[in-house]
Amino acid sequence: MAPTAADYAWFEERFPDLAEAYCFTLVRGLTPAQVLARLGARTGGPQVKGVEALSRLSYDGYAERAGRELVVGVTAVGEWALAVEPNGYLGASEEAVVPLSAGSRLVSHFSNVNAAGNFYWVEDGDVRLTFEPLFPSHRWGSTPDALLDAMREAGFDLLDGDDSNLDCGAAAFALAERLTGVRLTPEILTEASFLCGLAPVA
């Protein structure tokens, strides 16, 4: 069955710290090292196992980096590279995702502590769709209405009605899976080894 928000209800419960502020980016056909290189990240740091260790690495020294660099951890999931940014947002920045998507498909979604966020679907530099998960009726891109049925089925309210009972973050995970075929699981986020780098903020 096609994924829905219900398939990702575990995320906030299993990873409450990460769920407060995160960015997930999937890029097809690139290695973790290639993703970090395209982001201009400084590498050479440790590989870490699981998103909890990645979160600790991200928050350690956050003040010292003063917003100049963000920790990005990347792992391979099949033919896709998965970049995870605890308390980061590069994957929600058009300045980053357009070049990162060159020759590839990129899908990303971001949420911060205020529940503000972004969703991106980019094909080889062409932003096909972007929207704020809290306000999915307001969409931009070259094909902003191409995924209306998939968005509804994933769990988004496209009428801007009362969405107080909707989990927009979980719906974003479900829509990302529909575009990539990558089903993220608690086991992947716990067991994966992430190649880490410090990427500059434009």
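A quick note: this is a predicted structure, and the numbers were derived from the prediction, not measured.
In terms of modelled atom types and a separation under 3.5 Å, the side chain of Ser104 and the main chain of Arg28 share a donor-acceptor contact. For the pair Arg42 (side chain) and Glu69 (backbone), a donor-acceptor distance under 3.5 Å is absent. Using a distance-only test at 3.5 Å, with no hydrogens or angles considered, no donor-acceptor pair links the side chain of Thr130 to the main chain of Tyr120. At distances below 3.5 Å, at least one donor-acceptor pair connects side-chain atoms of Arg139 with backbone N or O atoms of Pro144. Remark: side-chain polar atoms of Glu85 are paired, donor with acceptor, to backbone N or O of Leu90 under 3.5 angstrom. Side-chain N or O atoms of Asn112 include one that pairs as donor or acceptor with a backbone N or O of Asn114 at under 3.5 Å.
Considering every non-hydrogen atom in both Leu158 and Arg152, the closest pair reads CD1-CG, 3.5 Å. Ala170 and Ala5 get closest at one heavy-atom pair: CB-O, 3.4 Å. Nearest heavy atom pair, residue Cys196 against residue Val48, reads SG-CG2, 3.7 Å. In terms of heavy atoms, Leu30 sits closest to Leu100 at CD1-O, 3.9 Å. Considering all non-hydrogen atoms of both residues, Gly117 and Glu132 come closest at O-CG, 3.3 Å. Taking all atoms of both residues into account, the shortest heavy-atom contact from Pro99 to Glu94 is CD-O, 4.2 Å.
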- Trace of the side-chain contact (heavy atoms from CB on, under 4.5 Å) decision for Val72 with Leu36: CA-CA 8 Å; Val72 183; Leu36 291 173; 4.1 Å; yes
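Once rounded to the nearest 0.5 Å, the distance linking CZ of Phe194 with CG of Leu189 reads 6.0 Å. Separating the CZ atom in Phe156 from the OG1 atom in Thr4 is a distance of 11.5 Å, to the nearest 0.5 Å. Taking CG of Leu54 as the reference point, atom CG of Leu18 lies at 8.0 Å (rounded to 0.5 Å). Rounded to the nearest 0.5 angstrom, Glu191 CD and Thr75 OG1 are separated by 11.0 Å. Interatomic distance, Ser111 OG to Asn118 CG, rounded to the nearest 0.5 Å: 10.0 Å.
When the side chains of ILVMFWY residues are joined at heavy-atom separations under 4.5 Å, either directly or via intervening members, Val97 and Val77 end up in two distinct hydrophobic clusters. Note on Val127: it clusters hydrophobically with Phe110, by side-chain heavy-atom contacts below 4.5 Å among ILVMFWY residues.
Counting heavy atoms from C-beta outward, Val201 and Arg68 have side chains that stay 4.5 Å or more apart. Within the 4.5 Å cutoff, the side chain of Ser108 has heavy atoms near those of the Leu106 side chain. With a 4.5 Å cut-off on side-chain heavy atoms, Glu123 and Leu129 do not count as touching. Under the 4.5 Å side-chain criterion, counting only non-hydrogen atoms from C-beta, Phe131 is not in contact with Leu147. Looking at heavy atoms from C-beta onward, Leu82 lies in side-chain contact with Leu184 at the 4.5 angstrom threshold. Annotation: side chain of Val107 is in contact with side chain of Phe119 (closest heavy-atom distance under 4.5 Å). The side-chain heavy atoms of Gln34 and Val74, taken from C-beta on, include no pair separated by under 4.5 Å. No side-chain heavy atom of Val71 sits less than 4.5 Å from a side-chain heavy atom of Tyr59.
For Ala146, the side chain to side chain contact (heavy atoms under 4.5 Å, CB included) partners two or more places apart in sequence, or in a different chain, are Trp121, Thr143. Judged as a ring pair (Phe, Tyr, Trp, His ring centres under 6.0 Å), and not counting sequence neighbours, the contacts of Phe24 are Phe11, Tyr22, His109, Phe173. Scanning for side chain to side chain contact (heavy atoms under 4.5 Å, CB included) contacts around Arg183 gives Pro3, Asp7, Tyr8, Glu177, Thr185, with sequence neighbours left out.
Heavy-atom contacts from other residues, nucleotides or ligands closer than 6.0 Å to CD of Glu187 number more than 12. Counting non-hydrogen atoms of other residues, nucleotides and ligands closer than 6.0 Å to CD of Glu12 gives a total of 12 or fewer.
In this model, no donor atom of one side chain and acceptor atom of the other lie less than 3.5 Å apart for Asp17 and Ser55.
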